[in-house]
2 protein chains.
Amino acid sequence: MAIREDPSDIWEFKRPGIAVDVVLLTIIDGELKVGLIKREEDPYHGKHALPGRFVRYEESITDTARIAIESKGNIKANGIYLEQLYTFGDNLDRDTRIRTISIVYYGLVKAEVIDRQKESKFRWEPVYGLPPLAFDHADIIKSAVERIREKLFHTGIIFNLLPNEFTLSELQHAFEIVLNDSLDKRNFRKKMNEIYVLKDTRKTRMEGAHRPAALYSYVKTR
Amino acid sequence: MAIREDPSDIWEFKRPGIAVDVVLLTIIDGELKVGLIKREEDPYHGKHALPGRFVRYEESITDTARIAIESKGNIKANGIYLEQLYTFGDNLDRDTRIRTISIVYYGLVKAEVIDRQKESKFRWEPVYGLPPLAFDHADIIKSAVERIREKLFHTGIIFNLLPNEFTLSELQHAFEIVLNDSLDKRNFRKKMNEIYVLKDTRKTRMEGAHRPAALYSYVKTR
DNA sequence: ACAAAAGTGTTCCAAATACACCCATGA
DNA sequence: TCATGGGTGTATTTGGAACACTTTTGT
């Protein structure tokens, strides 16, 4: 795109491979989980790794990310919030077989849409208790979580982890799970009303021997 | 790197080109400037563009960025602060000739090290008054500036635009130039002492008919 | 003596934090 | 009636913003 060598030159030298890898996050059973694939080949045989895919010539990179999610994670990729994290291309030996540049995205998935088949190579593993990972994928997952934390109070990103209707306690728990820290209930509710417009659905959820909770839906970030 | 197709497959399909483009910024004559190259070919003949380079197989991507800077900008690239901004790979028609993915870096250059030869294809143009740019490079420059602004008060990034010894007024002007806004002198100095450790060099700079200013050097960010 | 930038503290306001009790329900 | 989570307001602290005068030098 910019001024550089004449593009016809590009056919003349050997080019690195380019792939998209995705840090898929969701909340299952009150835990933050990341979608990983158990490797069945070397290097890192038996370790877990982020799902990924090589970028095809005719494919935009977000398309590549979505196709990777659908084919590896067996999830319908529309309705997944996707954002670019970082591009890794400095360690020439990451993939020992071919020099590969990796564009990493993170994606937030509502628990409702995940396919909970057991026994697949694709598994949801706890972020705060990761299994042994291939390559530097543990660091990548950590930086994805940090990035999300930074955006939590400035954007409506959290609602990508919640059903369309939720109680304020569920909302607070989602924040706490992502932050891995507890929050004060009253201050939290005050802040929610400051940063978001939430619609009271006039419905309630009754579960357990206690007062029913009001159900809200997300309208917009102020 | 991650689980994806067998890497041997990668030789089987046509791959996009991959390049690094660099938003080089410096302060010259009290103005924020970006290093651009005037295109002498289509598309965008006569427009300005970011310097860039295709990534070679054996080159890390920061190496690619540094080589692009040295060869296009005629600047010694060591001592330039470089950080990755974003990777653009969704618009399949950015470069009309070949599908190219562009990894964009931004770099901060001390004015002292730039080569001020006139008449070169490489020129320093004012960020707040850009000439007509090729592709979407105007947007890219804006987002680089935004990114730097976000980091200004949390990191020591600003010192990459200043000589090793500087007065507090120079420091404030650098902030103001990057922010494109003015700051209160007393609050500014208070904050500098909160976020940085600055060393008083015990030297002063006398220039003009007024009290000489103390010279400081940057030690670290608190 | 005056012009010009260097240097220095206090007051005010807004935002974040800490904190405790009543409510509605099922068992 | 008791156990459980739902729901609400005020006082305190902290950090950011506004603001004006004295100092040191050269001319």
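Because the structure is a prediction, the values reported are computed rather than measured. Each chain gets a letter, A, B and so on, in the order its sequence line appears, and its residues count up from 1.
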Atom-to-atom span, CZ of B:Phe188 to C1' of D:dC19 - whole angstrom: 18 Å
Residue pair A:Thr64, A:Glu59: steps toward the side-chain hydrogen bond (donor to acceptor under 3.5 Å, both in side chains) verdict: CA-CA 6 Å; A:Thr64 305; A:Glu59 238 171 43; 2.7 Å; yes
Side chains of A:Ser102 and A:Asp21, donor plus acceptor under 3.5 Å: yes
A:Lys191 NZ/CZ over A:Phe153 ring centroid, <6.0 Å and within 45° of normal: yes
From B:Lys47 atom NZ to B:Leu36 atom CG, the distance as rounded to the nearest 0.5 Å: 13.5 Å
Candidate nucleotides C:dT25, C:dA18, D:dT24, ranked by approach to the side chain of B:Pro212 - the nearest: D:dT24
Between C:dA4 (C1') and B:His210 (NE2): distance, integer Å: 6 Å
Whether A:Phe188 and A:Phe175 hold their rings parallel, tilted or perpendicular, with breakpoints at 30° and 60°: perpendicular
Separation of D:dT10 P from A:Arg189 CZ (nearest whole Å): 17 Å
Residue-phosphate contact under 4.0 Å: A:Arg211 side-chain N/O, D:dT4 OP1/OP2: no
Whole-Å distance separating the CG atom of B:Asn187 from the P atom of C:dC12: 15 Å
Parallel, tilted or perpendicular: ring planes of B:Phe135 versus B:His137, cut at 30 and 60 degrees: tilted
Nucleic acid contacts of residues 164-186 of chain B, taken as heavy-atom distances under 4.0 Å to DNA chain D: B:Asp184, B:Arg186
Check ion pair A:Arg205-A:Glu207 (N to O, under 4.0 angstrom): no
Within residues 190-204 of chain A: residues closer than 4.0 Å to DNA chain D (heavy atoms): A:Lys190
Worked verdict on B:Tyr218 versus B:Tyr216 for ring pair (Phe, Tyr, Trp, His ring centres under 6.0 Å): CA-CA 7 Å; B:Tyr218 169 67; B:Tyr216 294 84; over 10 Å; no
